[in-house]
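Please read all numbers here as calculations on a predicted model, not as lab measurements.
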Amino acid sequence: MTIDLPGSSGYLDSFPDRRITYFSNKYVLGLTVVAGIGGLLFGYDTGVISGALLYIKDDFEVVAESSFLQETIVSMALVGAMIGAAVGGRFNDVYGRKKATLSADVVFAVGSVVMAAAPDPYVLILGRLLVGLGVGVASVTAPVYIAEASPTEIRGGLVSTNVLMITGGQFLSYLINLAFTEVPGTWRWMLGMSGVPAVVQFVLMLMLPESPRWLYMKQEKSRAIAVLAKIYGPCRLEDEINHLAATLEEEQSRKTSVTYCDVFRNKEIRLAFLAGAGLQAFQQFTGINTVMYYSPTIVQMAGFHSNQLALLISLAVAGLNAAGTILGIYLIDHFGRRRLALTSLSGVFISLTVLSGSFFLQSSDSSTSLYGWLAIAGLALYIAFFSPGMGTVPWTVNSEIYPEVYRGTCGGMSATVNWVSNLIVAQTFLSLADAMGTGATFLMIAGITVLAFIFVAAFVPETKGLTFEEVEKIWKERARGRGTDTQGLLEADSGRGSA
């Protein structure tokens with residue numbers, strides 16, 4: 001009888017009493033939520049600047065007169081995030097997920113104080129850079145930390161909880177923006193409040209363990225087992241430990257450390273990185289942070305000129321984003337990663353077409369508010385389709401498609417691709433809208449969505465219900481020129497379990 005990998009479909013079919021559900025283990029759920037505060041920081045910073053920018057322009061005339069300076073204030077956090085993600089991957093592999101998270105919290109908290117106290121736009125930009133560094137490290141660390149502590153059968157849902165924290169952070173930022181609209185020093189409070197979650201996570205993270213897989217691979221077996229014992233029951237715990245021991249033995253026969261060049265020399269890793277980095281790039285180029293960074297501005301472009309009304313409508317958009325992510329947490333482990341992404345992209349294309357059309361119509365006939373409301377409907381439709389699929393899938397897939405020794409490095413590299421793409425979008429959207437028109441800009445993004453659909457269909461395999469080792473097998477088969485049918489792998493796994 002073939003022994004199935006713990007957590008695989010065959011294993012869970014053979015031992016259904018060992019299956020873990022999303023809410024059945026409060027320890028791993030609590031660990032996920034605390035680690036996900038890094039996602040909250042990510043989301044809060046993404047959302048808060050869109051509202052704060054309206055009031056920064058009121059305080060600094062030079063900002064109001066320069067689209068480039070506005071874009072730089074938004075984008076400098078992305079420059080910091082690119083750097084943070086690039087170094088964060090290696091930092092994770094060498095020093096561990098816990099120390100990486102604590103370091104990110106410190107940098108983020110310092111950056112929030114600098115922003116709140118900024119006497120001019122240029123000190124504000126420095127604060128944005130520091131905050132970005134913290135966000136970049138957190139964006140690499142949280143998904144990997146959660147994935148490595150998660151049982152296979154709920155890994156997608158737990159990693160997607162980090163995305164829920166991102167969207168929840170965006171929603172919170174709009175609430176904070178609305179709360180401080182009538183308070184002196186409006187934007188300073190909006191930006192300064194971002195330091196609070198960083199301090200909370202720092203304190204809570206001190207009480208949490210390091211990733212059990214990282215500990216085991218670093219030969220700290222007793223500490224790893226102590227963590228795993230809080231996640232799994234006695235019978236499955238023994239199987240998980242035996243499996244980790246076998247994985248460690250295999251990893252020791254490989255390179256003990258990797259460089260960035262190694263990612264491109266090894267064909268199977270290169271294919272995995274292509275899929276992961278491509279998903280991250282298309283997440284941004286299909287326009288999500290155009291909507292999240294500039295949603296109040298887009299609302300004003302649509303003809304609603306009140307700052308408070310723009311923020312209120314943006315709050316509703318952010319709430320819809322969070323609600324869609326909750327749906328994604330369920331769908332990603334039931335519907336599957338690949339199918340969810342393809343369905344999401346189909347809806348995103350339709351909504352961007354509606355959004356584009358509304359701006360074209362509004363530019364030809366500005367006498368009615370109908371087209372403005374059509375633009376708002378397009379924004380809502382976009383979020384409803386994007387958040388359950390392309391909002392959750394790229395981060396989940398990137399947390400599970402790389403072998404242990406490459407996971408931090410490749411995760412950092414793919415997150416850097418995300419932030420570079422994010423920077424390009426944030427730095428060019430207003431300028432493109434000025435040059436081409438808002439309708440033409442959204443139409444161009446719709447065209448990119450078609451390319452994203454083709455990419456996912458061609459290069460991204462289904463990883464639902466697979467262990468890390470089974471996912472690794474997919475890339476080995478593809479590197480040899482043989483495509484792997486994921487459904488067949490799952491069926492074979494189940495067949496072994498019933499043998």
Side-chain angles (χ1 to χ4, degrees), residues 3 5-8 11 27-28 31-32 35 38 85 87-104 137 140-152 155 158-159 205 208-232 236-260 262-263 265-266 268-269 272-273 276 396-415 463 466-476:
I3 303 300
L5 297 176
S8 67
Y11 179 91
Y27 178 78
V28 75
L31 180 150
T32 298
V87 302
R90 291 289 296 156
F91 191 97
N92 264 270
D93 283 343
V94 176
Y95 299 105
R97 319 325 186 191
K98 181 174 179 176
K99 287 181 180 177
T101 301
L102 293 171
S103 300
V137 175
V140 178
T141 308
V144 171
Y145 182 77
I146 294 168
E148 290 185 343
S150 299
T152 300
R155 188 176 63 228
L158 289 174
V159 175
M205 202 70 197
L208 287 180
E210 181 53 83
S211 155
R213 286 185 73 95
W214 187 88
L215 288 170
Y216 206 94
M217 295 304 163
K218 295 296 182 180
Q219 303 288 351
E220 297 191 47
K221 298 179 183 179
S222 60
R223 290 178 62 196
I225 292 169
V227 179
L228 291 170
K230 296 179 181 179
I231 300 172
Y232 302 106
R236 184 167 170 181
L237 174 63
E238 184 178 354
D239 293 335
E240 293 283 349
I241 293 169
N242 291 338
H243 171 54
L244 270 179
T247 303
L248 175 60
E249 185 176 340
E250 185 178 347
E251 292 289 346
Q252 286 175 334
S253 67
R254 303 179 182 179
K255 294 170 70 73
T256 55
S257 63
V258 298
T259 66
Y260 294 114
D262 290 328
V263 174
R265 292 193 188 108
N266 185 316
E268 63 190 74
I269 304 303
F273 178 69
T396 299
V397 168
N398 272 280
S399 73
E400 63 191 7
I401 60 174
Y402 308 116
E404 179 73 29
V405 72
Y406 286 91
R407 194 165 296 138
T409 298
C410 287
M413 290 170 66
S414 65
T463 56
L466 301 181
T467 65
F468 288 123
E469 290 68 32
E470 287 172 326
V471 175
E472 192 174 340
K473 181 181 177 182
I474 293 176
W475 302 118
K476 288 179 179 177

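- With a 4.5 Å cut-off on side-chain heavy atoms, Met217 and Leu244 count as touching.
- Among all heavy-atom pairs drawn from Val140 and Gly408, the shortest one is CG1-O, 4.3 Å.
- The side-chain contact (heavy atoms from CB on, under 4.5 Å) search around Leu208 returns Val34, Tyr145, Met205, not counting sequence neighbours.
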Inset, instruction - With salt bridge (charged side-chain N to carboxylate O under 4.0 Å, His left out) as the test, would you mind laying out the steps for Glu400 and Arg213 before giving the verdict? - result: CA-CA 13 Å; Glu400 63 191 7; Arg213 286 185 73 95; over 6 Å; no
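- For Asn398 (side chain) and Gly276 (main-chain N/O), a donor-acceptor pair under 3.5 Å exists by modelled atom type.
- Residue Glu470 holds its CD atom at 11.0 Å from OG1 of Thr463, rounded to the nearest 0.5 Å.
- Residues passing the side-chain contact (heavy atoms from CB on, under 4.5 Å) test with Val263, sequence neighbours excluded: Ile269, Phe273, Tyr406, Thr409, Cys410, Met413.
- In this structure, the separation between CD on Glu404 and CD on Glu469 is 9.0 Å, given to the nearest 0.5 Å.
- Here CD1 of Ile401 is found 11.0 Å from OG1 of Thr396. Values are rounded to the nearest 0.5 Å.
- Side chain of Glu210 to main chain of Lys98: a donor-acceptor pair is present (N/O by atom type, distance under 3.5 Å, no hydrogens or angles).
- Scanning for side-chain contact (heavy atoms from CB on, under 4.5 Å) contacts around Pro143 gives Val159, Asn162, Trp395, Ser399, with sequence neighbours left out.
- Under the rule for a salt bridge (Lys or Arg N to Asp or Glu O under 4.0 Å), the partners of Glu148 that lie at least two apart in sequence or sit in another chain are Arg97, Arg407.
- The two residues Pro209 and Val227 have their closest heavy-atom pair at CB-CG2, 3.5 Å.
- Distance CD1/Ile225 to CG/Leu215: 10.5 Å, rounded to 0.5 Å.
- For Lys99, the side-chain contact (heavy atoms from CB on, under 4.5 Å) criterion is met by Phe91, Tyr95, not counting sequence neighbours.
- Residues satisfying the salt bridge (Lys or Arg N to Asp or Glu O under 4.0 Å) test with Glu238, not counting sequence neighbours, are none.
- Applying the side chain to side chain donor-acceptor pair (under 3.5 Å) criterion to Tyr216, with sequence neighbours excluded, gives no partner residue.
- Inter-residue side-chain proximity for Tyr232 and Val28 is flagged as unmet; no heavy-atom pair is nearer than 4.5 Å.
- Across every non-hydrogen atom of Val405 and Asp93, the tightest pair is O-OD2, 4.0 Å.
- With rounding to the nearest 0.5 Å, the separation of CG in Asn92 from OG1 in Thr141 is 3.5 Å.
- Side-chain contact check for Pro151 versus Arg236: some heavy-atom pair is nearer than 4.5 Å.
- Remark: side-chain polar atoms of Arg155 are paired, donor with acceptor, to backbone N or O of Leu466 under 3.5 angstrom.
- Qualifying side chain to side chain donor-acceptor pair (under 3.5 Å) partners for Asp239, counting only residues two or more places apart in sequence or in other chains: Tyr11, Arg18.
- Nearest heavy-atom pair across Ala149 and Leu31 is CB-CD2, 3.9 Å.
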